[in-house]
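First comes the structure, then the notes that go with it.
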Amino acid sequence: MIPAPFQYHKPASVAEAAELLKKHGSDAKILAGGHSLIPLMKLRLAQPEVIIDIGSIESMSYVQERDGGTAVGGTTHYVDIANSSIVPTALSEAAAQVADVQVRNRGTIGGSLAHSDPAADLPAALIALKGQIITSSTGEHRTIESNEFFQDLFTTSLREDEIISEIFIPSESSGTGSAYVKFANKASHYAIVGVAASVTIAGGKCTEASIGVTGAGPAAYQASASVSDLIGSNLDNADVEKASSKAGEGVEFNDDVHASGEYRAHLVTVFTERAIKLASSRAG
Amino acid sequence: MGQTVTVPITLTVNGKQHSAEVEPRLLLAQFLRENLSMTGTHIGCDTTSCGACTVIIDGGSAKSCTILAVQANGSEITTVEGLADGDNLHPIQEGFWEKHGLQCGFCTPGMMMSSVALLNENPNPTEDEIRHGLAGNVCRCTGYHNIVLAVQYAADKMKS
């Protein structure tokens, strides 16, 4: 399977890439690791006329502590996030569970987020950690909150002229633990359902919580009803069970050959409970 | 689109530099097999799933069916052809031989490249680490058990 022909550009900087993107508009696609885009191009589901390859811009690949949080460059590979000791646990745990070694060596965080595959792992972690997506376009930067970023199946709030240049994750409050757990498709390792949780405990009570769910519906989402239940609770078994039972509220569940909607609804409850318990065990 | 515009690339494959003018849409697996006639790198599923096309790029294993040759410009690549030293088999090749780590052999080049990348990073893998390290490689003769033994053989051999 061979992609349709395209014009190839390899800009040396984000600014140059943004100029090219502005010039070519909807004819162009950004290529980073290519592990979402190239398979689509091989199947000719995507036939961009122009490819802008940002995968070799070294200044876009980093994990660093900065201004009250952790900054991750847009083209940072999964493997570097999985191995990082400074990103919050839910994110490194999600990156470590993406596909397989070869894919983790090439796929990038920005590519995964921009693609917004309903079964991708990183969106759930980013939502749970209240991460921000920083975009670059010609002469401009924009910050998008993760809970406003993933809109629908393969649809984000990224504008046509924007490149994901950085992901910023605010520092966790003291007493916070986070986790990502998933029920994986055994062949592809995609998440049939994946849940990331962040839980803050102070004085024996849950004071902050955030839960990102992927695989269940058309796009990753924050399980708001579960979060409301958790905050203020003692996080005992009954509290966690009750909160988890609401993690699929209002969701139009995916229903496909891998799992029925009904089964996904069940998995969301089970894996939310596991994620909350694992995050709680790391908190306080 | 009309005319085809080619792009110059230079890659180091198994220690030897190769320069070529390629169409941007040429996949690395095709470049290795068709331009360089190195057919040890197999194309199995062609969908980033099976791992038969695994090569090592700048130290890390990668599926060459999902990488454009132009993306690999300037990289150092090792393919299965680069494992043996003349007539002397690489320890992983010897391991697959000694432990009967293959049946039909189609997945073997990819299995060996993933194994070498794993052992370079982790010279003493546990059985669990070997199995997770090979999660991106599929063997349809279901020979995983002996493949694990082959990797363990190579790990022991590389220590001595």
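Here is how names work: the chains are called A, B, and so on, in the same order as the sequence lines, proteins then strands, and each is numbered from 1.
With a 4.5 Å cut-off on non-hydrogen atoms, A/L37 does not touch chain B at all. If you measure heavy-atom distances from B/L118 to chain A, you find no contacts under 4.5 Å at all. Proximity to chain B (any heavy atom under 4.5 Å) is restricted, for A/A4, to the backbone atoms N, CA, C and O. Looking at A/A32, only its backbone comes within 4.5 Å of chain B, counting heavy atoms on both sides. In this structure, no portion of B/L134 lies under 4.5 Å from any heavy atom of chain A. Proximity to chain B is absent for every atom of A/H77, based on heavy atoms less than 4.5 angstrom apart.
A donor-acceptor distance shorter than 3.5 angstrom exists from the side chain of B/D46 to the backbone of A/M1, with no hydrogens or angles considered. Although no hydrogens or angles enter the test, the distance criterion places no donor-acceptor pair under 3.5 Å between the side chain of A/D100 and the main chain of B/A135.
Inter-residue side-chain proximity for B/V7 and A/K10 is flagged as unmet; no heavy-atom pair is nearer than 4.5 Å. Residues B/R25 and A/I2 meet the side-chain proximity criterion, which asks for heavy atoms closer than 4.5 Å. Annotation: side chain of B/V70 is not in contact with side chain of A/I51 (no heavy-atom distance under 4.5 Å). Contact of the A/N105 side chain with the B/S61 side chain is registered, since non-hydrogen atoms from C-beta on lie closer than 4.5 Å.
Remark: B/E21 CD is packed, more than 12 non-hydrogen atoms of other residues, nucleotides or ligands lying under 6.0 Å away. Shown here is B/Y153, whose OH atom has more than 12 heavy atoms of other residues, nucleotides or ligands within 6.0 Å. Heavy-atom contacts from other residues, nucleotides or ligands closer than 6.0 Å to CD of A/E16 number more than 12. Remark: B/K157 NZ is loosely packed, at most 12 non-hydrogen atoms of other residues, nucleotides or ligands lying under 6.0 Å away. Residue B/K16 qualifies as open at atom NZ: its count of foreign heavy atoms under 6.0 Å is 12 or below. Atom CD of B/E121 has 12 or fewer neighbouring heavy atoms from other residues, nucleotides or ligands inside a 6.0 Å radius.
Considering only heavy-atom pairs separated by less than 4.5 Å from chain A, the leading option among B/H132, B/Q30, B/K63 is B/K63. Per-residue heavy-atom pair counts under 4.5 Å with chain A were compared for B/I67, B/V138, B/N137, B/T48, and the maximum is reached by B/I67. Contact count versus chain A (heavy atoms, under 4.5 Å) is highest, among B/I43, B/L27, B/T47, B/L26, for B/L27.
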Does the pair B/T66 and A/V103 meet the rule for a side-chain contact (heavy atoms from CB on, under 4.5 Å), with working shown?
CA-CA 9 Å; B/T66 308; A/V103 171; over 6 Å; no
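What you find for A/Q102 and B/G51 is that their closest heavy atoms are NE2-CA, 4.4 Å.
For the atom pair CG (B/N73) and OH (A/Y8), the distance works out to 7.0 Å, reported to the nearest 0.5 Å.
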